[in-house]
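When reading the values below, keep in mind they use all heavy atoms of this one structure, side chains included, and skip hydrogens, waters and symmetry mates. Order of the sequence lines fixes the chain letters, A, B, ..., with proteins taken first and strands second; residue numbering starts at 1 for each chain.
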Protein chains: 2
Amino acid sequence: MRRNPERRQALVDAAIEVLAREGARGLTFRAVDVEAAVPPGTASNYFANRDDLFTQVGGRIYERLLPDEAAIARNQEGVQDQTRYAELMHELVDRVSAFNSGYLALLELRLESTRRPELRAVLTKRIREDIDANIGYHAASGLPGDSTSVVLLYLALNWLIVERLTLPDIFTEPEVHELVEAAVRRSLNA
Amino acid sequence: MRRNPERRQALVDAAIEVLAREGARGLTFRAVDVEAAVPPGTASNYFANRDDLFTQVGGRIYERLLPDEAAIARNQEGVQDQTRYAELMHELVDRVSAFNSGYLALLELRLESTRRPELRAVLTKRIREDIDANIGYHAASGLPGDSTSVVLLYLALNWLIVERLTLPDIFTEPEVHELVEAAVRRSLNA
DNA sequence: AACGTAGTACTACAGATGGAGTGGTGTCAA
DNA sequence: TTGACACCACTCCATCTGTAGTACTACGTT
């Protein structure tokens, strides 16, 4: 098993792209090699087996989907009113949509996790942490709305992103915008 | 190309199971043959190619996910107050969760549709119709809440189902129940 | 400065799987 | 008798995994 961390990360990031493009079953060592533009057989040297590959991708994907720490700090200062909150949610939806392949890869991982307990454990942990962090941020902001509000907002926005990424013609861009607005409005007024 | 409609339907239904179990890339003619317990090569005689197979599954899946006509009629009579509405939503979540493989297959199809324009067209049409039908039912019921309310409810419940099917340990059953209640309550009070 | 060693990149191969597509034969019913 | 279909068999082809072996590079030692 090779240890070079830059190369390992490059391989994992390549795996994310493969996952988004080819689907879970298309995620093979060879496909990762090609995507990362490394010699065939390289991925075999960095991952014990496909299960290991999936698990490592599951651990990495959230690092790339979440905003970096600087952005979080910036937001923490700024969250004070509903308008600002809505802006943040728009940013969220746009950021995730922009890293298109990352979100699609996460969906693929979710589906694959129905077949791989180890992967399921990794994803469950990460996502639970993410939800709790969101509840925490919201509570700290002092805005109205309890944890149920936050979770309902999380649910609605997640599916809105899915809809937008997989079937972009279901909602127009203005509709998406309005739905985000409405979701925030209702979440905070409850 | 063979025409026997019962057999065709049996093959398509088998394909749904394969899709849920093996993922989109695992949906091969041979896998469908095995799942449907027919001789190898049969699926090749019923579908021009894999694209055709995907498209036919996309056309069929909604017939099986939606409640049958009798159930709709029953509901139409009954929808009058918020309690009844919440019951219906619980039924929805349970029905979809019960036909587990159908919903997972639909998710696989959504992801696959990013690669298959024809499939995307079929799904877009079906899902748009479903959303519009829900908006229509709601309007006919005379309950408070506009079309945005209905869509937000649709969004939240969809992701709740995804969460429950792919990572069942994120929310406990009581939490799921409470989220459905809260989603309906807030949707109707807005 | 020469040498040795460890870790890694790269190459090549063996072995195996599994699927697509098609042609042919048997069967049944109109 | 004919046509449609079920069933079966076979060929061709595309990949993938796992590993063995070679080449390179950096670093430490003497």
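When each of A:R25 and A:T42 is assigned the nucleotide of DNA chain C with its nearest heavy atom, A:T42 is the one assigned upstream, toward the 5' end. Comparing B:N4 and A:G41 against DNA chain D, the residue whose closest nucleotide sits nearer the 5' end is B:N4. The residue among B:V38 and A:G26 whose nearest nucleotide of DNA chain D is located toward the 5' end is B:V38. In this structure, B:R2 and A:R3 both approach DNA chain C, and ranking their closest nucleotides by distance from the 5' end singles out A:R3.
Remark: C1' of C:dA14 and CZ of A:R30 are 12 Å apart, rounded to the nearest angstrom. Between B:F29 atom CZ and C:dA20 atom C1' there is a gap of 8 Å when expressed in whole angstrom units.
Using a 4.0 Å heavy-atom distance criterion, A:S44 is classed as a base contact. Residue B:Y46 is in sugar-phosphate contact alone, with no base atom involved, counting any heavy-atom pair closer than 4.0 Å across all strands shown.
In the model, A:D132 has no side-chain atom that pairs as donor or acceptor with a side-chain atom of A:Y137 under 3.5 Å.
In this structure, the side-chain hydrogen bond (donor to acceptor under 3.5 Å, both in side chains) partners of A:R64, at least two apart in sequence or on a different chain, are A:D13.
Counting 5' to 3', DNA chain D first comes under 4.0 angstrom of a heavy atom of chain A and last does so at the ends given by D:dC16 to D:dT19.
The base of C:dG19 has none of its N or O atoms less than 3.5 Å from a complementary donor or acceptor on the side chain of B:R50.
The line from CD of B:Q82 to CZ of B:R185 is 7.5 Å long, rounded to the nearest 0.5 Å.
Heavy-atom contacts from other residues, nucleotides or ligands closer than 6.0 Å to CD of A:E118 number 12 or fewer.
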Atom pairs and distances, side-chain donor-acceptor, residues 36-46 of chain B, under 3.5 Å, sequence neighbours left out:
unit_1	atom_1	unit_2	atom_2	d
B:T42	OG1	B:P39	O	2.6

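Relative orientation of the A:F171 and B:Y154 rings is perpendicular, given thresholds of 30° and 60° on the angle between their planes.
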